[in-house]
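Heads up: the structure comes next, in structure tokens.
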Amino acid sequence: MKDVLDTEILSPAKVRTAIHRLENIPVEWVSVMEYPVEDYIRKNEFVLSTGIGCHEDIDVFRNFVLDVLHSGASALAIALGRYIKEIPMEIIHLAEKHGFPIIELPWNIRFSDIVQAVLSRLNHWHTHTMNHYEKIQKELLHLFLSDGTLSQAADIIEQEIGTPVVIVDVHGVVKGKSKNSDSLMMKLESHVRPLSYHEVLDRSNNYAIDIDSLDVTDSILQASIRTTNQKTNGFLLFEYSKAVRSDPVITKEQQYMLEYITTAVSLWFQKEMAIKETEWRLKDDFVWSLASGEYHSWDYILSRAKSLGYNVNLPYVCVIGFAENLKSLFQKIKPNKITYEQWMPSMIRSIEEQVVLAGKWIHKEVMVTYQQERLIIFLETTLNQVQDVVNLFLDHVENRLKKRFPGLMMSWGIAEQQAGIRTFHDSFNNAKIALDIGRRQMGPGYRYTQVNTSIFRILLPLSKNPDVLGIVLSTIEQLIDYDNHRGGDLVHTLTTYIRNQGNISQTARELCVHRHTLLYRLKKIESLTGRSLMNPDDLFLLDLCIKLWMIGFDQS
């Protein structure tokens, strides 16, 4: 506002109120307004008026001034003479109380000349300012291309905005700070949160700034650092002076400045993300080559492993995970403006990160990839404690996933008997079989091992025999059709009955049905299969056929 009043045409103007605030009041527009105001005045607008319609009624004049004030205008200039001879002291006191500038103008100054002069000043200032911001942005871009650090970028920004700067990522971890940021860091100390155990393993710092707890009352402002898709990657933290401004709201020009700055700073975050994504892709391909056995030589594997930071000469066990309900989880979360296909890769990457961090927590090497809708993990193990190591690892993985993705259900296949050195391909195949058979046998959401699926693995070759297929279908096909078409539960009833060794009471309790209901179902099973549940051979055949059916047949 002070710059506007320094315009030559406004040299006769007399400021009656809020003189001490003129330097800190922004002006973005200029207009002529008479009573009533309604909603025609924009924020930070310099308002010119003759006061027509107000001179005969002090109440109307007061309401007019209040309306202009409450609209967010920068100041009100009133031309004295024809309608307002002088501004009443009541109005002066009112404006002074609110820190709102009232300016007296001589009647002979034309408003059109004032508007032209102010707009010319604003346009000149805007052009000069934008050129300056572009220069700052170019300086930051040059620093980025020269492999400069974010701390060096913070120094440039501090020099520009005249206040200390700290740059943090979305987790609040400090990525860079200006040389004179000690005072700002002291203020931020009250907002420090300890990193969780997985963050400590990945970060050089042992603390982070709790971004959500920052409050403008601490005289700290934050500007989001976003990528081109508007995803927030971090924040620019800086101080504002309470002595200069009574509120922390920045002007439109300051917003422009911060946009130029944060756009340049976002390049550092995008570079870090690109490096990380490239590293993940290389590791994905490498781990899949181990699982599939598709590699030229072991020397090639050793060379690739060394470049990626892996040690493949340790004993590993393969664990395969299957996310059972990703689509329903997506529907529950319903991220804005993103499809399931766009959401899936980031979700899988997040799960992989939790897997890696769980391995670090138990001090074991982990190699992981996502292929064929399966999470393939090679976990370093102790050969005489494979089961204990895997269970400890999966306990940590599931706890972390539960906290981060509530409702996510995982099934696991574990090749504990194939744990060893250079057994990657065999271990993968056995973990896959354990997972596939286990899900058919027990349903989703469990851990399946080679041991608890051994009988099914023995039966697996039989399931490929056409003669065996014919026996299975002739024995239980009507039972399966009944369940499929009638919505029955006879197969599950039979397997529960067999597992409980024919104990009617115990089977009924487990199925949560009345004893008579169970007896009806058992008779129905005998009727459909033509087999007696009291005959040991018939019972064995039914059990065997159901197990073979659970494995799944090649129907081609």
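Along the sequence shown, residues are numbered consecutively beginning with 1.
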Cut-off 3.5 Å, no hydrogens considered: what does the side-chain donor-acceptor table look like for residues 528-537, sequence neighbours left out?
unit_1	atom_1	unit_2	atom_2	d
Thr529	OG1	Ile525	O	2.7
Thr529	OG1	Arg531	N	3.3
Arg531	NH1	Asp538	OD1	3.4
Ser532	OG	Met534	N	3.2
Asn535	OD1	Asp537	N	2.9
Asn535	OD1	Asp538	N	3.3

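Using a 3.5 Å distance cut-off with no hydrogens or angles, the side chains of Gln417 and Asn430 do not pair a donor with an acceptor.
Under the 4.5 Å side-chain criterion, counting only non-hydrogen atoms from C-beta, Leu314 is not in contact with Phe378. Looking at Ile504 and Tyr497, their side chains come closer than 4.5 Å, going by heavy atoms from C-beta outward. Put simply, the side chain of Val397 does not reach to within 4.5 Å of the side chain of Val319, judged on heavy atoms. Between Arg400 and Trp361 the shortest side-chain heavy-atom distance does not fall below 4.5 Å. When side chains are defined from C-beta on, Asp388 does not count as touching Leu392, because their heavy atoms never get closer than 4.5 Å. Side-chain contact check for Ile157 versus Val265: some heavy-atom pair is nearer than 4.5 Å. At least one side-chain heavy atom of Lys271 sits less than 4.5 Å from a side-chain heavy atom of Phe144. The side-chain heavy atoms of Asn325 and Leu408, taken from C-beta on, include a pair separated by under 4.5 Å.
A salt bridge links Glu324 with Arg439: at least one charged nitrogen is closer than 4.0 Å to a carboxylate oxygen. Using a 4.0 Å cut-off between charged nitrogen and carboxylate oxygen, Glu526 and Lys523 do not count as a salt-bridge pair.
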Determine, step by step, whether Lys547 and Thr495 satisfy the side-chain hydrogen bond (donor to acceptor under 3.5 Å, both in side chains) criterion, reporting the C-alpha distance in whole Å, the side-chain angles of both residues, the deciding distance to 0.1 Å, and the verdict. CA-CA 9 Å; Lys547 283 182 168 60; Thr495 56; over 6 Å; no
May I have the step-by-step check of salt bridge (Lys or Arg N to Asp or Glu O under 4.0 Å) for Arg447 and Glu398, ending in yes or no? CA-CA 11 Å; Arg447 300 175 189 178; Glu398 289 179 343; 2.9 Å; yes
What's the verdict on side chain to side chain contact (heavy atoms under 4.5 Å, CB included) for Phe286 and Ile301, showing C-alpha distance, side-chain angles and the deciding distance? CA-CA 8 Å; Phe286 175 74; Ile301 289 295; 3.9 Å; yes
Decide side-chain hydrogen bond (donor to acceptor under 3.5 Å, both in side chains) for Asn180 and Glu158; before the verdict, give the C-alpha distance in whole Å, the side-chain angles of both, and the deciding distance to 0.1 Å. CA-CA 8 Å; Asn180 302 314; Glu158 177 182 334; 2.9 Å; yes
Does the pair Asn313 and Arg422 meet the rule for a side chain to side chain contact (heavy atoms under 4.5 Å, CB included), with working shown? CA-CA 7 Å; Asn313 286 320; Arg422 302 191 188 184; 4.1 Å; yes
Chi angles and distances behind the side chain to side chain contact (heavy atoms under 4.5 Å, CB included) call for Val491, Tyr482: CA-CA 9 Å; Val491 173; Tyr482 183 89; over 6 Å; no
Is there a side chain to side chain contact (heavy atoms under 4.5 Å, CB included) between Arg521 and Asp489 once you walk through the steps? CA-CA 9 Å; Arg521 289 184 183 179; Asp489 201 19; 4.3 Å; yes
Would Glu352 and Trp280 count as a side-chain hydrogen bond (donor to acceptor under 3.5 Å, both in side chains) here? Give the steps. CA-CA 10 Å; Glu352 288 180 329; Trp280 273 107; over 6 Å; no
Please determine whether salt bridge (Lys or Arg N to Asp or Glu O under 4.0 Å) holds for the pair Asp436 and Lys432, giving the CA-CA distance in whole Å, both sets of side-chain angles, and the decisive distance to 0.1 Å. CA-CA 6 Å; Asp436 292 342; Lys432 187 175 183 296; 3.4 Å; yes
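In this structure, Asp284 and Gln371 approach most closely via the heavy-atom pair O-NE2, 4.1 Å. When all heavy atoms of Leu140 and Ala264 are compared, the closest pair comes out as CB-CB, 3.7 Å. Ser427 approaches Ala415 most closely through the heavy-atom pair O-CB, 3.1 Å. Minimum heavy-atom separation, Gly148 to Trp268: O-NE1, 2.7 Å. Between Val312 and Ala305, the shortest heavy-atom distance links the atoms CG1-CB, 3.8 Å. Heavy atoms only, all atoms of each residue included: Ser181 and Val166 are closest at CB-CG2, 4.1 Å.
Using the six-membered ring where Trp is involved, Trp343 and Tyr340 have ring planes that are tilted, between 30° and 60° apart. Between Trp288 and Phe428, the ring planes are perpendicular. Angles over 60° get that label, and only those under 30° would be called parallel.
Using a distance-only test at 3.5 Å, with no hydrogens or angles considered, a donor-acceptor pair links the side chain of His514 to the main chain of His516. The main-chain N or O of Lys175 is never found under 3.5 Å from a side-chain atom of Asp169 such that the two would form a donor-acceptor pair. Side-chain N or O atoms of Thr339 include one that pairs as donor or acceptor with a backbone N or O of Gln342 at under 3.5 Å. Checked by atom type and distance alone, the side chain of Glu277 never pairs as donor or acceptor with a backbone atom of Ala274 at under 3.5 Å. Of the possible donor and acceptor atoms, none in the side chain of Asp543 sits under 3.5 Å from a partner among the backbone N and O of Leu539. Ser178 places a side-chain N or O within 3.5 Å of a backbone atom of Val165 that can act as its donor or acceptor partner. Put simply, the side chain of Glu365 never gets that close to the backbone of Glu380: no donor and acceptor are under 3.5 Å apart. Distance alone, capped at 3.5 Å, places no donor-acceptor pair between the Thr423 side chain and the Asp426 backbone. Side chain of Ser151 to backbone of Lys177: a donor-acceptor contact under 3.5 angstrom is found. A donor-acceptor pair under 3.5 Å is absent between the side-chain atoms of Ser303 and the main chain of Tyr300, judged by distance alone.
A distance of 7.0 Å separates CZ of Arg499 from NE2 of His492, quoted to the nearest 0.5 Å. We find the CG-CD1 distance between Leu541 and Ile546 to be 10.0 Å, quoted to the nearest 0.5 Å. Of the inter-residue distances, the one linking Gln152 atom CD with Lys179 atom NZ reads 8.5 Å to the nearest 0.5 angstrom.
Within 6.0 Å of CD in Gln387 there are 12 or fewer heavy atoms belonging to other residues, nucleotides or ligands. Atom CZ of Phe405 has more than 12 neighbouring heavy atoms from other residues, nucleotides or ligands inside a 6.0 Å radius.
Checked options Thr493, Ile498, Asn500; the residue passing with Thr496 is Asn500 (criterion: side-chain contact (heavy atoms from CB on, under 4.5 Å)). No option in Ile351, Leu375, Val287 other than Leu375 meets the side-chain contact (heavy atoms from CB on, under 4.5 Å) test with Val368.
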